[in-house]
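What follows is a short report on a single structure.
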Amino acid sequence: MDAGFVATVALVYAMSRRRPRIVRRCWVHTILRKRLQRGEYHVLVQELRLDGVLFQQYFRMSKDAFDELLGKVGPLIAKADTRMRLSIGPAERLAICLRYLATGDSYRTIAFSYRVGHATVAVIVKEVAGAIWTALVEETMPVPQTEDWRAIAAGFQERWNFPNCVGAIDGKHVVIQAPANSGSLYFNYKSSHSLVLLAVVDAEYLLRVVDVGGFGRSSDGGSLRNSAFGESLRDGSLQLPPDTVIPGGERLGLLPHVFVGDEAFPLLDNLLCPFPGRQLTRERRLFNYRLSRARKTIGRSSRTPVVAESSDEAPTLRDAPMMGSNNATRRSIQLRETFCSYLNEEGVVSWQHKVV
């Protein structure tokens, strides 16, 4: 399981938690009673297990990966039988959730295929997504420690020629249907409703940090400041490596390790963003280019669809607006100038003057 899959699961889980509770009824439709004989899991999925290629296409996951995942989350999603009915087994519950993640179909469509109630699908997706996150987060997306950040910085220096960079950060609005009684909490600047997804990737395009759940209306000073990642960035608890001298830039003294973001983010001691405006000196334009080149590691969109329940529209990701106040401190401003100086002198690369 990769970090992108786990991040998608986290997003789906965050979205499902904001839906109202659904009142269950005891009556079961005649069609649903035939689930064990004609439901998609008990017929088609069992046939697909005989063909690895088709199984992969159906779940976007191999049989071995499915079985491995079931072994990890099965105990977390198993339900006891009751006097009224038999429970849906862990394997079938996992299949329903993965089919939703693989297709982005509506809950109702999957409910018809698997011959279960659409309210049941909603509950299963929420519970299984939460179980997957719990079971896999420490394995696939552990919180980076100091040595991990140091290795990430080495990767950015080698591949993207940007020193002391420990990640590229970006924010996206994930369009959803507004939860009941949510007012304007999720209403964003594009006149739709959304959750905000913040992500940090390393030089190899791998997700290292995700923070899901910011309200769509959050803009200036909202999403980043209120996220767990933003709080850790400000209070210095991310365990970033200590300030260090950049090779060849001894004259500049000790410099902090930084994340790189676009103009939507605030300028902080550990977060660099471009110089604003159009009438910039050549040196500042070169800095903006080098910073943009480094942060483009996060520009590759995921192929995993995410769709809000009750919506048959295609999944939508939109750029987030301003993620924080740009009332930068004097030290933050000076640090950006220092990095700009380095990238135009000691850290210059031969081809940058041909680009800018």
Quiz item: Residues in salt bridge (charged side-chain N to carboxylate O under 4.0 Å, His left out) with Arg293, at least two apart?
Solution: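 Arg293 satisfies salt bridge (charged side-chain N to carboxylate O under 4.0 Å, His left out) with no residue once adjacent residues are dropped.
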Quiz item: Does the side chain of Tyr107 come within less than 4.5 Å of Thr120's, by heavy atoms?
Solution: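 No; the side chains remain at least 4.5 Å from each other.
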Practice problem: Compare all side-chain heavy atoms of Arg35 with those of Ile88 and state whether any distance is below 4.5 angstrom. | Solution: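 Yes, close enough: below the 4.5 Å cut-off.
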Using a 3.5 Å distance criterion without hydrogens, assess whether the side chain of [X] forms a donor-acceptor pair with backbone atoms of [Y].
| X | Y | result |
| --- | --- | --- |
| Arg282 | His353 | yes |
| Arg115 | Ile31 | yes |
| Ser341 | Glu337 | no |
| Gln352 | Leu343 | yes |
| Asn270 | Phe259 | no |

Exercise. Evaluate whether atom CG of Leu280 has more than 12 neighbouring non-hydrogen atoms of other residues, nucleotides or ligands under 6.0 angstrom away.
Key: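 Buried by this count: over 12 neighbours within 6.0 Å.
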Quiz item: Any chance CD of Gln37 has more than 12 other-residue heavy atoms, nucleotides or ligands included, within less than 6.0 Å?
Solution: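 Enclosed: over 12 neighbouring heavy atoms sit under 6.0 Å from CD of Gln37.
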Exercise. Report yes or no: do Ser237 and Asp235 form a side-chain donor-acceptor pair below 3.5 Å?
Key: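 On atom types as modelled, these side chains qualify, holding a pair under 3.5 Å.
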Exercise. Check whether the ring centres of Phe66 and Tyr58 lie less than 6.0 Å apart, and answer yes or no.
Key: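 Between Phe66 and Tyr58, the centre distance exceeds or equals 6.0 Å.
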Self-check item: Least distance between heavy atoms, Ala294 atom then Ala168 atom
Solution: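 That closest heavy-atom pairing would be O-CB, 4.2 Å.
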Practice problem: Taking all non-hydrogen atoms of both residues into account, name the closest pair between Ile110 and Arg99 and its distance. | Solution: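 In this case the closest contact between Ile110 and Arg99 is CD1-C, 4.1 Å.
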Self-check item: Sidechain N-carboxylate O distance under 4.0 Å for Arg159, Asp202
Solution: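 Salt bridge flag = no for Asp202 with Arg159.
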Quiz item: Would you call Asp170 and Arg295 a salt bridge, taking side-chain N to carboxylate O under 4.0 Å as the test?
Solution: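 Answer for the salt bridge query: yes.
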